[in-house]
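Chain A is the first sequence line, chain B the second, and so forth, proteins listed ahead of strands; every chain is numbered from 1. Atom set for the values below is all heavy atoms of this structure, side chains included, hydrogens, waters and symmetry mates excluded.
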2 protein chains.
Amino acid sequence: MARPRTPLLDRRRIGAGALRIADEQGALSIPALARELGVAPSALYHHVSGREEIISLMREELALETGPDDWDPSRPWEQALEAWARSYRGAFATHPGAVPLLATAPLAEPFMHAMYERVAELLLTAGFGAGQVMPLINALENFVLGSALDLVAPPVMVSDVTREAAPHLSAALDDTPTDNRRAELAFDTGLRALLTGFRALLPR
Amino acid sequence: MARPRTPLLDRRRIGAGALRIADEQGALSIPALARELGVAPSALYHHVSGREEIISLMREELALETGPDDWDPSRPWEQALEAWARSYRGAFATHPGAVPLLATAPLAEPFMHAMYERVAELLLTAGFGAGQVMPLINALENFVLGSALDLVAPPVMVSDVTREAAPHLSAALDDTPTDNRRAELAFDTGLRALLTGFRALLPR
DNA sequence: ACCTGAACACCGTTCAAGT
DNA sequence: ACCTGAACACCGTTCAAGT
């Protein structure tokens, strides 16, 4: 049984398997992942250093699934930036159960550099100053990550107590969808606002 | 030893203790919390239903520490909204080690309703439509939560590899602070942009 | 009502042994 | 090099027993 002639595991399989487990169970455990991959838990440690690295592999797998060509940087910068943000959040939306694992420690990983490079070029070409680029990217990314977490947030409940103590909140909630369009609407609103605000930050 | 005449524990003490543990250790375990409170782990279960509820108590404690009067809704709506966002994020910044625990499942909890009510009133008075209020609040909140996580994000490293493969990114990183001002700058930039964009969404 | 101490199922990780 | 199985320290939670 030990040492199969063709390896049962590789990092790619581990990342993809972990993503499936998190998707299905909303959490990740090493025994569950090992079971999914048909292997003993200890086998994993021949390929990764530990749990943290597995989560990093999940992010990498997500990036590979999404692909770098989900958005087109040759369009006007506002459209391209919007497409980037939507594709970024869309990748999370495909794996809601994994979001808390993935969004918590963002994306300093090397395989993200290619993506950042394209966005940085986009913004520099658009006329933003070099010192503006990372703050803009970080700000948009913070919004995307927060919005990804919002996808799995518990709904705000309007009890009768709330209605009396919080009339304005209740009025607002009455005009807010309670299904998954709520998070969509919030994302659309914030994204539009950010892009408008970015435009106003463009020099001259 | 059992059944002291005056209780050793209450929910307030548990929330505050959990916040201290998470601050110090960057994580929360029940044994560590029990030790901090001078009590056996099982004692906690007489006051809370489990780990999840302890984390909820941490959020409540954070809200109590911050206080509802950190911002003044009587000012112009843009200033008041900015102050709210800053005070909200500031509360997280005071407990960086606890941020991943606190920011992951936001704030549907009842003790947050009072805060939402004030922001909702603010926006309605400013002239936003009832249907706009929650999307605006959610969008700003998503940005605040993402920015809170950004406080504890690992820094982006510029290796020599990166420099050759990603010239635009490197140029941008050269003009970006590497210390804690990086996250500040991103937050300021995004917040300013959001407020500008919100203004543009105001009817008529 | 509120705490202790023992117990349980489970987790992440290590390591010697096998091919 | 790559897997298994046993082992370890640790975790969250339950529960009977004590006041």
Closest nucleotide among [options] to the [X] side chain:
X: A/P4; options: C/dC2, D/dC3, D/dT14; value: D/dC3
X: A/A40; options: D/dT4, C/dC11, C/dT4; value: D/dT4
X: B/V39; options: C/dC3, D/dC3, C/dT13; value: C/dC3
X: B/Y45; options: C/dG12, C/dT4, D/dT13; value: D/dT13

Watson-Crick or G-U wobble partner of C/dT13, both distances under 3.5 Å: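 Answer to the pairing question: D/dA7, which forms a Watson-Crick or G-U pair with C/dT13.
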Pairing nucleotide - C/dC2, Watson-Crick or G-U, each distance under 3.5 Å: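 Paired with C/dC2, as far as the under-3.5 Å criterion goes, is D/dG18.
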How many whole angstroms separate atom [atom1] of [X] from atom [atom2] of [N]?
X: B/Q25; N: D/dC10; atom1: CD; atom2: C1'; answer: 14 Å
X: A/L44; N: D/dG5; atom1: CG; atom2: P; answer: 14 Å
X: A/E53; N: C/dG12; atom1: CD; atom2: P; answer: 15 Å
X: B/R11; N: C/dC2; atom1: CZ; atom2: P; answer: 13 Å
X: A/I30; N: C/dT14; atom1: CD1; atom2: C1'; answer: 14 Å
X: B/L8; N: D/dT19; atom1: CG; atom2: P; answer: 16 Å
X: B/L28; N: D/dT13; atom1: CG; atom2: P; answer: 10 Å
X: A/D10; N: D/dA1; atom1: CG; atom2: C1'; answer: 14 Å

Touch class at under 4.0 angstrom, heavy-atom based, for B/L37 against every strand present: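 No contact.
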Sugar-phosphate only, base, or nothing, as touched by A/I54 at under 4.0 Å among non-hydrogen atoms: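 Contact class for A/I54: none.
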is_close_aromatic(B/F128, B/W77), centroid dist under 6.0 Å: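 Yes - the distance between ring centres of B/F128 and B/W77 falls below the 6.0 Å cut-off.
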Geometric cation-pi criterion B/R118 and B/W84, 6.0 Å radius, 45° cone: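 No, B/R118 does not lie over the aromatic ring of B/W84.
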Interatomic distance, A/M134 atom CE to A/L123 atom CG [nearest 0.5 angstrom]: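 Output value for this atom pair is 10.0 Å.
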Atom CZ of A/R181: over 12 foreign heavy atoms under 6.0 Å: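 Result for CZ/A/R181: open.
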Atom CZ of A/R192: over 12 foreign heavy atoms under 6.0 Å: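 It does not: A/R192 CZ has 12 such atoms or fewer within range.
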Presence of B/H47 side-chain N/O under 4.0 Å of C/dA1 phosphate oxygens OP1/OP2: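 B/H47 to C/dA1 OP1/OP2: no side-chain N or O under 4.0 Å.
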5' precedence on DNA chain C between A/A43 and B/S42 (nearest-nucleotide basis):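 Its nearest nucleotide being more 5', the pick is B/S42.
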5' priority, DNA chain C, between A/R51 and A/H46 [closest heavy atom]: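 Counting from the 5' end, the first nearest nucleotide belongs to A/R51.
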